[in-house]
Amino acid sequence: MDVSKKSGSNQLKPHEHPAQLTRMSLNDNKAGMQGLDKEKINKIIMDNTVGSRFYKNEQKREQQVNSRIQKMKEKLNSFTSNQIMTAKQHADEILLEVENQRDLSRTIIHIDMDAFYAAVEERDRPELKQKPMAVGGMDMLSTSNYVARKYGVRAAMPGFIAKKLCPNLIIVPTNFDKYREVSKETQEIFSEYDENFCGMSLDEAFLDITDHLQKRILYDQEERTFNYHPTLAPTTTSGDANDKKTSETFAFSAEEVAKEIRFRIHQKTLLTASAGIAANTMLAKIGSDLNKPNGQTFFVPNRDEIMKFIKDFPVRKVNGIGKVTEQLFSSLGVKKCGDIYEMRAELMLLFSATSCSFFFRMCLGCSSNILEPDGERKSISTERTFSTISDCDELFAKLDELCHSLAVDMKKQNLQGKTLTLKTKNVDFQLHTRSKTINVPMTNYQTIFPVAQELLKQEILNANNKLSLRLMGVGLSKLETATTSAQTSILKFFAGNTKPQSSDKTVSPQTSCSRDHEWSDHEPCDDNHKNGDPVNQKDMKNELIQVETSKTDTETFPCPACGTEQFKTTALLNQHLDACLSSDKTFQQPEIKSSSNSTQTSTSPCKTAISNLTNSNSSVMLDETTYSCPICCASFQSSKTTLYQFNNHVDSCLSQSTIRDILKEENGEPFKKRSLANHNNNENLSKRRKLLSKGDGIEKFFVQL
DNA sequence: GCGGATCAC
DNA sequence: TATGGTGATCCGC
């Protein structure tokens with residue numbers, strides 16, 4: 001690495017000096033990137049960046065942020081002490097309200113696979129394990145293994161720069177089919193703990209295990225015991241190399257559940273995951289990062305403990321605080337979450353109500369604890385980066401290609417839309433969007449292309465016929481499902497009726513599409529049970545059962561073992577139960593890393609208490625699935641009727657005239673029957689879901705000055 | 001309704 | 001040689 005030679009040859013003009021470019025410097029807030037020689041790494045990055053068009057654009061953006069900071073400071077100086085005082089009072093009111101709404105009753109786990117893509121590649125090519133390796137291409141890396149991270153090589157870094165940082169770096173091309181497969185395996189495990197788990201991407205998911213913890217109290221040992229993969233089984237303490245451990249048993253607490261999930265992921269996929277366990281999504285997400293890789297963090301659901309932790313936690317590591325907000329905050333002296341509280345008056349005066357609401361929740365360690373299923377998707381788009389195109393004909397040819405591609409996706413997803421957006425990035429990396437909204441929804445290539453063509457024409461004119469692009473994209477928003485409203489309503493009707501009666505959740509998972517491109521190849525989206533409204537008596541009854549079980553959240557839970565202590569939440573009870581059980585020598589639950597044998601005995605008083613509970617309560621569990629015909633209300637038991645037979649019955653009911661008349665009246669379209677079996681299958685696919693905060697629905701926020 | 005910006009993965 | 005693609009949201013106009 002002959003850095004000295006390089007630095008002399010750069011001949012920077014003063015205004016090009018890289019020292020101010022905080023945007024470009026290494027982002028080391030990622031696991032496995034501590035204690036690096038940042039200065040040296042940044043120098044290599046700069047040496048390979050300075051002078052490029054990319055760099056010039058980054059410089060420009062840096063300038064913009066700096067000017068925002070400047071304006072902010074001027075504004076700050078103009079505030080009167082009176083204004084500050086009033087703002088502080090207002091802030092305190094908001095903070096109090098957030099505090100009053102603090103809810104520690106739920107238990108959320110965030111699971112994050114360690115260096116996912118890289119780990120999959122290492123698993124399949126073990127020789128890569130000891131070598132610096134990254135997944136992606138010379139243009140861009142998706143992720144890197146921990147060996148490569150030591151060189152400063154990380155996700156979202158172009159491969160050619162990574163190669164400069166680490167000449168021996170092996171770059172493996174992405175193989176999404178493989179990652180999808182592995183992801184499916186992990187999701188099968190997740191759904192056993194929370195059937196409505198919230199998959200954020202191929203390697204990340206939130207689970208609400210509150211209900212699981214409640215059920216788990218009744219689990220016997222067998223249900224908490226999982227086998228080792230033959231090649232992964234450790235030898236026992238007996239010292240005999242052939243004496244392999246065959247299984248691992250997990251206890252009752254949330255931490256044990258996280259260990260169990262991670263254990264099962266490892267045995268099933270040979271990959272490790274990290275986990276965060278907390279009362280809300282923000283803390284759970286933070287937690288999964290803290291002990292990465294192959295570790296976990298548990299946040300005790302205790303207000304003071306959470307406050308103690310969050311006070312010194314860097315704002316940048318909170319989900320939603322990006323590069324720019326970090327810089328804005330930094331200029332105000334806000335670096336840790338606790339600083340937000342100190343600066344609450346100023347923040348109130350400088351940022352929008354939406355932003356402040358988010359900041360304040362953040363500094364109290366509060367966030368959503370509800371995993372909401374996705375709503376309908378709001379847009380669909382496709383874009384491509386290419387080597388510079390300046391020729392008009394070629395530009396339109398590219399547009400044509402993109403429109404065809406978008407049309408294919410729209411058809412797959414059964415979507416149409418009224419607003420078309422053209423996105424361009426010129427050779428100087430400047431982004432522009434131009435959009436047009438029309439009255440009749442665009443449904444296919446024939447309707448998209450003319451609109452897109454108009455927009456591109458305008459862009460070319462704006463550029464004086466000298467448009468040179470490196471990226472083009474087309475997208476559609478103001479979407480509608482391509483099914484007719486009659487179809488939508490009847491499908492909704494079915495969805496409500498045929499939902500398995502054994503479901504123990506009020507929120508039915510959406511069959512909307514994942515936002516992830518990699519996942520976009522499943523069945524068309526059916527947004528056919530949006531509200532999950534109960535439409536017959538059986539569902540009403542189901543609702544009532546749910547209300548009753550959720551009501552018990554406000555009651556206290558006695559320990560089935562000692563019977564003396566009462567707990568507000570099942571999470572706390574489970575925690576106590578673990579302690580209770582571990583003090584009982586005959587019923588010890590070993591930890592993952594512990595090499596001691598688990599004693600398989602059933603003489604423990606705890607065990608007896610638990611099996612008694614299991615027996616006495618088993619009658620409330622609904623195992624049989626019941627389908628009822630939405631037309632004639634006849635009931636069908638899953639044990640006696642196949643879905644196919646049930647479909648046939650519904651068909652025959654539908655063939656009678658009444659229902660068709662109703663449909664015709666609605667908008668004159670014929671009803672197209674959908675496969676209910678398929679529909680139920682879709683329910684089990686993992687989807688990207690929104691995380692709404694409990695009170696006001698604010699989670700994402702943005703700042704503008 | 002539009003366009004720019006920010007953020008996450 | 002060379003710095004991604006998709007989706008969402010917010011803000012100011």
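Only heavy atoms go into these numbers, but all of them, side chains included; no hydrogens, no water, no symmetry mates. Chain A is the first sequence line, chain B the second, and so forth, proteins listed ahead of strands; every chain is numbered from 1. No experiment lies behind these values; they were computed from the predicted model shown.
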Rounded to the nearest angstrom, tell me the gap between atom [atom1] in [X] and atom [atom2] in [N].
X        : N     : atom1 : atom2 : value
A:Lys478 : C:dT9 : NZ    : P     : 12 Å
A:Leu479 : C:dT6 : CG    : C1'   : 13 Å
A:Glu62  : B:dA5 : CD    : C1'   : 15 Å
A:Gln327 : B:dT6 : CD    : P     : 10 Å
A:Lys317 : B:dC7 : NZ    : P     : 17 Å
A:Leu431 : C:dG7 : CG    : C1'   : 15 Å
A:Gln413 : C:dG7 : CD    : C1'   : 12 Å
A:Asp114 : B:dC9 : CG    : C1'   : 16 Å

[N] phosphate, OP1 or OP2, under 4.0 Å from [X] side-chain N/O:
X        : N      : value
A:Ser352 : C:dC10 : no
A:Thr421 : B:dC2  : no
A:Arg68  : B:dT6  : yes
A:Lys378 : C:dT9  : yes

Nearest 0.5 angstrom please: A:Thr481 OG1 to A:Leu415 CG, how far?
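A:Thr481 OG1 to A:Leu415 CG: 6.5 Å, rounded to 0.5 Å.
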Nearest 0.5 Å, please: how far is CG in A:Asn145 from CG in A:Asp114?
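If we round to the nearest 0.5 Å, A:Asp114:CG and A:Asn145:CG are 12.0 Å apart.
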Need one value for [X]: base, sugar-phosphate or nothing, where a base atom within 4.0 Å counts as base even if backbone is also close, heavy atoms only.
X        : result
A:Ser387 : nothing
A:Gln64  : sugar-phosphate
A:Lys425 : sugar-phosphate
A:Ile161 : base

Any idea which of [options] is nearest the [X] side chain?
X        : options              : answer
A:Arg377 : B:dC9, C:dT6, C:dG7  : C:dG7
A:Thr354 : B:dT6, C:dC10, B:dC9 : C:dC10
A:Met138 : B:dC9, C:dT9, C:dA2  : C:dA2
A:Thr437 : C:dA8, C:dG5, B:dG1  : B:dG1
A:Thr385 : B:dG1, B:dC9, C:dG5  : C:dG5
A:Met140 : B:dC7, C:dG4, B:dG3  : C:dG4
A:Ser201 : B:dC9, C:dA2, C:dT9  : B:dC9
A:Leu471 : B:dT6, C:dA8, C:dG5  : C:dG5
A:Thr433 : B:dT6, B:dG3, B:dG1  : B:dG3
A:His432 : B:dG4, B:dG1, C:dC11 : B:dG4

Which residues pass the side-chain contact (heavy atoms from CB on, under 4.5 Å) test with A:Asn291, not counting sequence neighbours?
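With neighbours one apart ignored, the set is A:Thr297.
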Comparing A:Ala156 and A:Ser379 on DNA chain C - which has the more 5′ nearest nucleotide
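First, find each residue's nearest nucleotide; the 5'-ward one identifies A:Ala156.
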With nearest nucleotide decided by heavy atoms, which residue, A:Arg61 or A:Lys285, maps closer to the 5′ end of DNA chain B?
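With A:Arg61 and A:Lys285 compared, the 5'-side residue is A:Arg61.
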Salt bridge between A:Lys398 and A:Glu401, side-chain N to carboxylate O under 4.0 Å?
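Yes, A:Lys398 and A:Glu401 are salt-bridged.
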Does A:Lys285 pair with A:Asp289 as a salt bridge, N-O distance under 4.0 Å?
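So A:Lys285 does not pair with A:Asp289 through a salt bridge.
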Does the Lys NZ or Arg CZ of A:Arg149 fall within the cation-pi geometry relative to A:Tyr146 - under 6.0 Å from the ring centre and within 45° of the axis?
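Yes, cation above the ring, under 6.0 Å and within 45°.
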Which residues share a salt bridge (Lys or Arg N to Asp or Glu O under 4.0 Å) with A:Lys457, sequence neighbours left out
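Once residues adjacent in sequence are excluded, the partners of A:Lys457 under the salt bridge (Lys or Arg N to Asp or Glu O under 4.0 Å) criterion are A:Glu454.
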